[in-house]
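All of these numbers come straight from a predicted model, not from anything done at the bench.
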Number of protein chains: 2
Amino acid sequence: MPVTIRDVAEAAGVSIATVSRVLNNIDHPVSVETRQRILACAESLGYRPNVAARSLRTDRSATVGIIADDIIGPFATKIIRGIQDRLRQAGYLCVIISADWDPNAEREAIHDLVSRSIDGIIFSETWHHTAVDLLDLASKPYVFVHRQFAAPGEYSTIPDERYGAHLAMNHLIGLGHRRIGYINGPEHYYASALRLAGYREELESAGIVFDPALVARGDWGLESGYIAMQYLLKAQPRLTALFAGNDLMAAGAIYALQDAGLRVPEDVAVVGYDDREISRTFRPRLTTVTLPCYEMGQAAAQMLLDRMEGKAEVAAEVQVRGCLLVRESCGAPRESTTGCEDGAGEKRQSRR
Amino acid sequence: MPVTIRDVAEAAGVSIATVSRVLNNIDHPVSVETRQRILACAESLGYRPNVAARSLRTDRSATVGIIADDIIGPFATKIIRGIQDRLRQAGYLCVIISADWDPNAEREAIHDLVSRSIDGIIFSETWHHTAVDLLDLASKPYVFVHRQFAAPGEYSTIPDERYGAHLAMNHLIGLGHRRIGYINGPEHYYASALRLAGYREELESAGIVFDPALVARGDWGLESGYIAMQYLLKAQPRLTALFAGNDLMAAGAIYALQDAGLRVPEDVAVVGYDDREISRTFRPRLTTVTLPCYEMGQAAAQMLLDRMEGKAEVAAEVQVRGCLLVRESCGAPRESTTGCEDGAGEKRQSRR
DNA sequence: TTGAAAGCGCTAACAA
DNA sequence: TTGTTAGCGCTTTCAA
């Protein structure tokens, strides 16, 4: 049988109210010796407050919910880890639910969470957010992280995609390249538009005129990168560098380049995006821009924490910057990473 | 303000006891009309039972805890997904905690979970399990999934590693290979010993004598596969096939082979293990044995469900089999997968 | 077949 | 500075 607040009170020879006051650090006068005694008793008895009982009284549970369309993706896991680490620090546990792109599942998830008196919800990489009315109704705070479609909206944490594209392009231009191709992602993705914008801006500020023939579109998949590269090669055979919308397409593009008898990075320099596993295992190893998933998770958790505390000045939108990891595919000498503290993108890799 | 059982009782003109009986399907006589009326009222009011209140009474919460040393790894995520899907089906939600290989964190996690009245715990890929005494104390059931070190022990779900090795080797031998190298994983891993055993057994049953010079050791990393392959090439230059302990080492080995002027699969056929992302993006695409993570997760969830229901005949250990995915690196014609239903290993891949 | 009421462990308002 | 007590929403025993 677990130890209750009553047991502690008895052991310390005081009332349960006093115990509660001490253990919760309530601003209420308690004599020093009593406090000491209670703390000692609680400690030695191994007292742990019953969260259910507390929730019943306070409608708070030191638990937050994470709803993700898929918890298995390469970004989602890192985001979730970032959220958890920050939240645990603040004493919260996380309940994670995958909604599988199903609005009904999402509504159900919210109900399940609310009926557990969770204190807030983080939506991670969710497509829709039709169900937040339920939360407004229950007056639970919520926050979004890495919404990939349409505008991120209020209380969002997203990557600074434009900045990432600047990093990649600036590097390539600095290496002396002028004819730089770009393989964009699918149209409806938020990242596609912004990375393209970054590509154009950086070109412009270097005084290079934008050439539409240098831009192709893929679907984030490796195969699509291959096809896009073939198209680019036909349209503009004289390009000397490529910025790919993500690492997978970069890999596909390199295969196409190799099949066309071109060497990477000697003939064409390539920079990818995302710092996926493939960028480390590929030959040549891919120079890439990191997607700061872990950091976004942390930032989202912080934002939720702020909202839960009722802070007035919660920023509506936080942008997190990745950094450039210079490896082999761009032909540059190994140099220090650009854009954030040393090697941040190399952290948090899994074992095995 | 949320709807309580009292609201429903009032609306239906009955006592809260009756409502509780109907809504929980308790075996207690209730007239058909009353039942109907209560159900209708609950529905139309949108009643959701307060889980905290229920937990307080029953010490159950329809929530289970998952403790993993790292939730970010390639296997962990899929295992967790399998657990969740099975458990949600049974009406449970999951709280996930990463313990980071820290025994203290693990103990803390258990406390946090127990104080939330969780109904059971699944340990996913945890190294140690020193803290289960706490659970025995609280009389909460628990279960292990994919313990990678030492013996799996009671209530474990693990992959059938030996069977997987048989699949790989049988395929290679069937292709006519006799001199087959093997790159093993690190010594203390459970999988290393069993895959090696499977390698030897299959050799033996084909009447091929085991040659120690054909076995090298890596650390699961790509680089180590490269080095191991160089060693193998020196020790036994005439091998025609390689079975690598995992996909990463297979990739490294292929790089070494290529650097030595050998072609894969023409000169040397290669089979990997795990069906990691790299096996699909590599050139040539890797033939590999799947690690049935999702299925292990499901099996573990089922095992916990059984224990929570107090079933007597819960199996002490469940082994789950993967299957062989024939792709390009082994030089075989594309054939149907062996060992499990069609394409199981191709399911559950993430988007983007 | 239904209802009244106790009480799970805790917080917080009120009293002393 | 400390204690008493109501009550959060629910399940379950006992009585009707």
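Using a 4.0 Å heavy-atom criterion, one finds that B/T58 contacts the sugar-phosphate atoms exclusively. B/D59 comes within 4.0 angstrom of nothing in the nucleic acid, heavy atoms only.
Counting only heavy atoms from C-beta on, B/P29 has its side chain closest to C/dT1 among D/dT11, D/dT4, C/dT1. Side-chain proximity of A/S15 to the nucleotides D/dT12, D/dT1, D/dT4 is greatest for D/dT4. Distances from the side chain of B/P49 to the nucleotides D/dT1, D/dC10, C/dT11 place D/dC10 closest.
Both B/R21 and B/N50 lie close to DNA chain D; mapped to their nearest nucleotides by heavy-atom distance, the more 5′-ward contact belongs to B/N50.
The interatomic distance linking B/R116 (CZ) with C/dG9 (P) rounds to 18 Å, in whole Å. Here the P atom of nucleotide C/dG3 and the CD1 atom of B/I16 are 11 Å apart, to the nearest Å. Rounded to an integer number of Å, the gap from CG of B/L23 to P of D/dT11 is 8 Å. In this entry the distance linking CD1 of A/I26 with P of D/dT1 reads 16 Å, nearest Å. In this entry the distance linking CZ of A/R6 with P of C/dG7 reads 11 Å, nearest Å. B/R60 places its CZ atom 12 Å from the C1' atom of D/dC10, with the value rounded to the nearest Å. The nearest whole Å value for the distance from the CZ atom in B/R48 to the C1' atom in D/dC10 is 17 Å. Atom-to-atom, CG of B/L56 to P of D/dT11 comes out at 11 Å; the value is rounded to the nearest Å.
Put simply, A/S20 has a side-chain N or O that comes within less than 4.0 Å of OP1 or OP2 on C/dT11. The side chain of A/T4 places no N or O atom within less than 4.0 Å of a non-bridging phosphate oxygen (OP1 or OP2) of C/dC8. OP1 or OP2 of C/dT2 lies within a sub-4.0 Å distance of a side-chain N or O belonging to B/T34. Dashed line: the shortest gap from a side-chain N or O of B/T18 to OP1 or OP2 of C/dG3 is under 4.0 Å. One finds a side-chain N or O of B/S31 lying less than 4.0 angstrom from the OP1 or OP2 phosphate oxygen of C/dT2.
Stacking of A/R307 on the aromatic ring of A/Y142 is recorded, both the 6.0 Å distance cut-off and the 45° axial limit being met.
The 12-atom threshold is exceeded at CD of A/E309, counting heavy atoms of other residues, nucleotides or ligands nearer than 6.0 Å.
For the pair A/E154 and A/R147, the salt-bridge criterion is not met [side-chain N within less than 4.0 Å of a carboxylate O]. Between A/R60 and A/D119, none of the side-chain N atoms (NZ, or NE/NH1/NH2) sits under 4.0 Å from a carboxylate O, so this pair counts as no salt bridge.
Side-chain atoms of A/E106 do not come within 3.5 Å of backbone N or O of A/I67 as any donor-acceptor pair.
Scanning atom types as modelled, one donor and one acceptor separated by under 3.5 angstrom connect the side chain of A/H28 and the base of D/dT2. Residue side chain B/R57 reaches the base of C/dG7 through a donor-acceptor N/O pair under 3.5 Å, judged by distance alone.
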Could you walk me through whether B/R35 and B/V32 pass side-chain contact (heavy atoms from CB on, under 4.5 Å), step by step?
CA-CA 5 Å; B/R35 160 164 278 119; B/V32 182; 5.7 Å; no

